[in-house]
*Asks:* 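Sharing a structure here in structure tokens format.
Computed from a predicted model, the values in this text were never measured in an experiment.
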Amino acid sequence: LAGLRAHLHALLPDYARPLFLRVCGELAVTMTFKQKKIDLVAQGFDPAGTSDAIYFDDPQTGAFVPIDPVRYARIVSEAVRL
């Protein structure tokens, strides 16, 4: 993840970098092989909504860090203040 983060920061401007990464074993698809994104959107980045690994690009640590319930609550509470 450190290499991926360095690569993204080297190539993309701030507004284009992903804040969250979700690592899925397999994506659900329709009969025409389109991704079913509605479930992913509904689950968001809440770790309680999925068993997939979700990472946050934490500016304080300068790394992608796993999202646990405590970190999720902190991110949501800070976003509400914005």
Side-chain angles (χ1 to χ4, degrees):
L1 288 176
L4 174 61
R5 185 180 187 278
H7 183 72
L8 293 172
H9 279 254
L11 295 177
L12 298 174
D14 290 343
Y15 63 85
R17 292 182 203 135
L19 291 177
F20 302 97
L21 292 178
R22 181 174 178 161
V23 181
C24 303
E26 183 176 287
L27 288 175
V29 294
T30 66
M31 299 262 309
T32 57
F33 301 103
K34 295 178 184 174
Q35 296 176 4
K36 291 184 178 179
K37 296 177 266 190
I38 293 173
D39 292 338
L40 295 174
V41 171
Q43 293 166 354
F45 62 96
D46 185 355
T50 182
S51 61
D52 296 335
I54 303 174
Y55 299 91
F56 170 62
D57 188 359
D58 190 351
Q60 293 176 347
T61 62
F64 279 113
V65 294
I67 295 182
D68 56 17
V70 173
R71 185 168 282 128
Y72 173 78
R74 190 185 85 213
I75 293 168
V76 170
S77 69
E78 289 179 12
V80 169
R81 284 187 261 160
L82 297 175

*Asks:* Checking Thr30 now: which residues fulfil side-chain hydrogen bond (donor to acceptor under 3.5 Å, both in side chains) with it, not counting sequence neighbours?
*Replies:* Thr32
*Asks:* Would you call Leu1 and Leu21 a side-chain contact if the rule is heavy atoms closer than 4.5 Å?
*Replies:* yes
*Asks:* Please list all pairs meeting ring pair (Phe, Tyr, Trp, His ring centres under 6.0 Å) that have one or both residues in residues 51-71, counting only residues at least two apart or in different chains.
*Replies:* Phe20-Phe56
*Asks:* Let me check something: any side-chain donor-acceptor pairs from residues 43-53 under 3.5 Å, sequence neighbours excluded? List them with distances.
*Replies:*
{"unit_1": "Gln43", "atom_1": "OE1", "unit_2": "Arg22", "atom_2": "NH1", "d": "3.1"}
{"unit_1": "Gln43", "atom_1": "OE1", "unit_2": "Arg22", "atom_2": "NH2", "d": "2.4"}
{"unit_1": "Asp46", "atom_1": "OD1", "unit_2": "Ala48", "atom_2": "N", "d": "3.0"}
{"unit_1": "Thr50", "atom_1": "OG1", "unit_2": "Arg22", "atom_2": "NH2", "d": "2.9"}
{"unit_1": "Thr50", "atom_1": "OG1", "unit_2": "Asp52", "atom_2": "N", "d": "3.0"}
{"unit_1": "Thr50", "atom_1": "OG1", "unit_2": "Asp52", "atom_2": "OD2", "d": "3.3"}
{"unit_1": "Asp52", "atom_1": "OD2", "unit_2": "Arg22", "atom_2": "NE", "d": "3.0"}
{"unit_1": "Asp52", "atom_1": "OD2", "unit_2": "Arg22", "atom_2": "NH2", "d": "3.2"}

*Asks:* Minimum heavy-atom separation for Ala16 to Leu12, with atom names?
*Replies:* O-CD1, 3.8 Å
*Asks:* Please report the shortest heavy-atom distance between Asp14 and Arg17, naming the atom on each side.
*Replies:* OD1-NH1, 2.5 Å
*Asks:* Members other than Ile38 in its cluster, when Ile, Leu, Val, Met, Phe, Trp, Tyr link by side-chain heavy atoms under 4.5 Å?
*Replies:* none
*Asks:* Tell me the salt bridge (Lys or Arg N to Asp or Glu O under 4.0 Å) pairs involving residues 28-42, sequence neighbours left out?
*Replies:* none
*Asks:* Can you get from Leu19 to Val76 by hopping between Ile, Leu, Val, Met, Phe, Trp and Tyr side chains that sit under 4.5 Å apart?
*Replies:* yes
*Asks:* If you compare all heavy atoms of Arg5 against all heavy atoms of Asp58, which two are closest, and at what distance to 0.1 Å?
*Replies:* NH2-O, 4.4 Å
*Asks:* Kindly give the cluster partners of Leu27, where membership spreads through any ILVMFWY side chain lying under 4.5 Å from a current member.
*Replies:* Leu40
